[in-house]
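As structure tokens, the structure follows; a few thoughts come after it.
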Amino acid sequence: MDNGPVPLESYRSPELFALERERVFRRAWLFMGRVERVAKPGDFLVREVEICNASILIIRGKDGQVRAFHNVCPHRANLVETRREGNAPALVCRYHGWSFNNDGSLRGVPDQEMFLELDKSKCGLPPVALEIWNGWIFINLAEKPEVSLDEFLGSFKDYYDGVEAINLDCSVVIETRLKCNWKVVADAFVEAYHIPSIHRTTIKSMFSNRENPFGRLLDAQFFGPHRTISMFGNAEDTPREDQPIVALARDPSIYRPEVLEASARYMSHPAVNPTKQPGWSMDASTIFPNLNLDAGFNGQFTHEYWPVSVNECLHRATYYFPKPTNIRERFQLEYMMAWFVDVIYEDLGNVERTQRGIDSGATKGMQLSESEVSIRHSVQQIEKWLRAETVADALQ
């Protein structure tokens, strides 16, 4: 990995964005969510992959299998399901009433005798390749994926396998549409160099101290197109005397024994805080191309970066908490979410300014420090996928 300036063209070029659509997002395995979102037969969720003009319906069938389909009726190409999630024993297109079983097969056609030589067995919802790893759902938009999910994850799968997903009974999602390239947002969440400046009144004291004032990384590892970094944490950071509400929200005694036990198991995995240093805050693991599967003291959380156009994207952050069982736990949940929103919007409030600077053309590249090595790796992997004729070539 060279140390020179990192080019900015893929952050502003419509031509390279079009190549990303075809050579990255139509070939890579893409994250869709947790299996708990479709826990029971008939449970479904709809995810939009706007860069590919795709609406994806993920549903658990009566046989317990989770499947993915294009959310498109084979009759007149209307969207079948308009809700973002729910439960449906049968899926019904509102346009003409065609209905489908939750395994995707065609169930009923109004006035069927008027359709001459209709072969119902060939008129199910168009399938999409779906695989599940550690409870995380991925899809591939290629008609026939070039590699399996296992092959795509490669050595990262071996490294991260078995990390226990905890606190799944209560999830909170924050979605924001932004006027910037998707990689500008992704870059904002994989380095701590910005924290003393952007987050000086919120999390600066958590991610830096006198010995490490700029939050230099503890560790960085690379797994083909994927990577993980471990960030420094100030082990001595505690609420001040004039912050009683913060102290109450961060009080570890608030957690139930079963929550603490699950956290201890999760933290013991070799891939969580891999250096096992007490001065640790979080790991940011990037699964190519657009997912951060992050790890903190209280479990995993995700950041997704979905392209819309060359200078527009959707950011989705999902946090997992134990389901509150009393007022004090509810207070902690509400406080922590308000705090997370404040921190996230400190980051997101800066990205559109960054895009304006990129679009000006005033600079050709980024001068990156070792603390920003994840960004350098990201750009190099994107460039590699754009050049590669096959996914196998891109993964080499």
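No hydrogens or angles considered: a donor-acceptor pair under 3.5 Å links the side chains of D393 and T390. Side-chain N/O atoms of S55 and N71 include a donor and acceptor closer than 3.5 Å. Counted by atom type alone, S205 and D237 present one or more donor-acceptor pairs between their side chains at under 3.5 Å. Remark: the T228 side chain and the D283 side chain contain no N/O donor-acceptor pair separated by less than 3.5 Å. Using modelled atom types and a 3.5 Å distance limit, the side chains of Q381 and S378 yield no donor-acceptor pair. In this model, a donor atom of one side chain and an acceptor atom of the other lie less than 3.5 Å apart for S105 and D103. Y320 and T302 share no donor-acceptor pair across their side chains, judged by distance under 3.5 Å alone. Side chains of Q332 and Y255: a donor-acceptor N/O pair is present below 3.5 angstrom, by distance only. Between S13 and E9, the side chains place no donor N or O within less than 3.5 Å of an acceptor N or O (distance only, hydrogens not considered). Under 3.5 Å, the side chains of D359 and Q355 contain a donor-acceptor pair of N or O atoms.
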Trace of the side chain to side chain donor-acceptor pair (under 3.5 Å) decision for Y305 with N292: CA-CA 9 Å; Y305 317 103; N292 270 15; 3.2 Å; yes
Worked verdict on Q367 versus E372 for side chain to side chain contact (heavy atoms under 4.5 Å, CB included): CA-CA 10 Å; Q367 310 291 334; E372 299 162 298; over 6 Å; no
Test salt bridge (Lys or Arg N to Asp or Glu O under 4.0 Å) applied to K157 and E151, step by step: CA-CA 9 Å; K157 177 181 180 293; E151 292 171 306; over 6 Å; no
Verdict with reasoning, Y345 to T176, per side chain to side chain donor-acceptor pair (under 3.5 Å): CA-CA 9 Å; Y345 280 103; T176 314; 2.7 Å; yes
Worked check of side chain to side chain contact (heavy atoms under 4.5 Å, CB included) between H96 and R76: CA-CA 9 Å; H96 298 92; R76 293 271 293 280; 3.6 Å; yes
S121 vs D119, side chain to side chain donor-acceptor pair (under 3.5 Å): CA-CA, chis, key distance, verdict: CA-CA 5 Å; S121 68; D119 185 347; 2.5 Å; yes
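Using a 4.5 Å heavy-atom threshold, the side chains of F222 and R227 count as touching. Considering only heavy atoms from C-beta on, V246 comes within 4.5 Å of R250 through its side chain.
Both M337 and Y335 belong to a single network of hydrophobic side chains, linked directly or stepwise wherever heavy atoms of I, L, V, M, F, W or Y lie under 4.5 Å apart. No single ILVMFWY cluster, assembled from side-chain heavy atoms under 4.5 Å apart, contains both L141 and V308. By the criterion of side-chain heavy atoms lying less than 4.5 angstrom apart, applied directly or through intervening Ile, Leu, Val, Met, Phe, Trp or Tyr residues, L314 is grouped together with V185 in one hydrophobic cluster. Cluster membership for L178 and I198, using ILVMFWY side-chain heavy atoms within less than 4.5 angstrom, is not shared. Clustering ILVMFWY residues whenever any of their side-chain heavy atoms sit less than 4.5 angstrom apart, transitively, puts L368 in a cluster other than the one holding Y193.
The minimum heavy-atom distance linking C170 with L333 is given by the pair SG-CD2, 3.9 Å. Minimum interatomic distance between A68 and I56 (heavy atoms only, all atoms of both residues): CB-CG2, 4.3 Å. When every heavy atom of V92 is checked against every heavy atom of S99, the shortest pair comes out as CG2-CB, 4.0 Å. Across all non-hydrogen atoms, the minimal contact from A90 to R107 is CB-NH1, 2.8 Å.
Heavy atoms of other residues, nucleotides or ligands lying less than 6.0 angstrom from NZ of K323 number 12 at most. Under a cut-off of 6.0 angstrom, the local environment of NZ in K62 is sparse, with at most 12 non-hydrogen atoms contributed by other residues, nucleotides or ligands. By the neighbour-count criterion of 12 heavy atoms within 6.0 Å, atom CZ of R84 is sparsely surrounded, having that number or fewer from other residues, nucleotides or ligands. Summarising the local packing, CD of E236 is surrounded by 12 or fewer heavy atoms from other residues, nucleotides or ligands at distances under 6.0 Å. More than 12 non-hydrogen atoms from other residues, nucleotides or ligands lie less than 6.0 angstrom from CD of E113. Counting non-hydrogen atoms of neighbouring residues, nucleotides and ligands closer than 6.0 angstrom, the CZ atom of R256 exceeds 12 such neighbours.
The existence of a salt bridge linking R376 and E191 is excluded, since no basic side-chain nitrogen approaches an acidic carboxylate oxygen closer than 4.0 Å. One finds no salt bridge joining E352 and K179 here, because no Lys/Arg side-chain nitrogen approaches an Asp/Glu carboxylate oxygen to under 4.0 Å. Between R216 and E370 no salt bridge is recorded (no basic side-chain N to carboxylate O distance below 4.0 Å). A salt bridge between K40 and D43 is present, with a side-chain N of the basic residue lying under 4.0 Å from a carboxylate O of the acidic one. At a threshold of 4.0 Å, the pair K183-E20 counts as salt-bridged, since one of the basic side-chain nitrogens sits closer than that to a carboxylate oxygen. Contact check on D251 versus R328 returns a salt bridge, with a Lys/Arg side-chain nitrogen under 4.0 Å from an Asp/Glu carboxylate oxygen. Using a 4.0 Å cut-off between charged side-chain N and carboxylate O, E85 and R47 make no salt bridge.
Taking the six-membered ring where tryptophan is involved, the planes of F340 and F321 are tilted, since the angle between them lies from 30° to 60°. Ring geometry for F31 against W136 counts as tilted: the plane angle lies between 30° and 60°, on a 0 to 90° scale. Aromatic ring pairs are classed by plane angle as parallel below 30°, tilted from 30° to 60° and perpendicular above 60°; the pair W306 and F25 is tilted.
Here V173 sits alone; no ILVMFWY side chain lies under 4.5 Å from its own, so it joins no hydrophobic cluster. Counting side-chain heavy-atom gaps under 4.5 Å among Ile, Leu, Val, Met, Phe, Trp and Tyr, the cluster of V46 also holds F44, L57, I59, F69, V80, L91, W98, F100, L106, V109, F115, L118, L125.
Residues meeting the side-chain contact (heavy atoms from CB on, under 4.5 Å) test with L395, sequence neighbours left out: V147, F152, P225, W385, V391. By the side-chain contact (heavy atoms from CB on, under 4.5 Å) test, E22 pairs with R26, sequence neighbours left out. Taking the side chain to side chain donor-acceptor pair (under 3.5 Å) definition, one finds that S10 meets it with nothing, sequence neighbours left out.
Note: W29 and F288 fail the aromatic proximity criterion, with ring centroids not under 6.0 Å apart. Between H226 and Y160, the distance from one ring center to the other does not fall under 6.0 angstrom.
Note on residues 196-216: pairs passing ring-ring contact (aromatic ring centres under 6.0 Å, His included), not counting sequence neighbours, are H194-H199.
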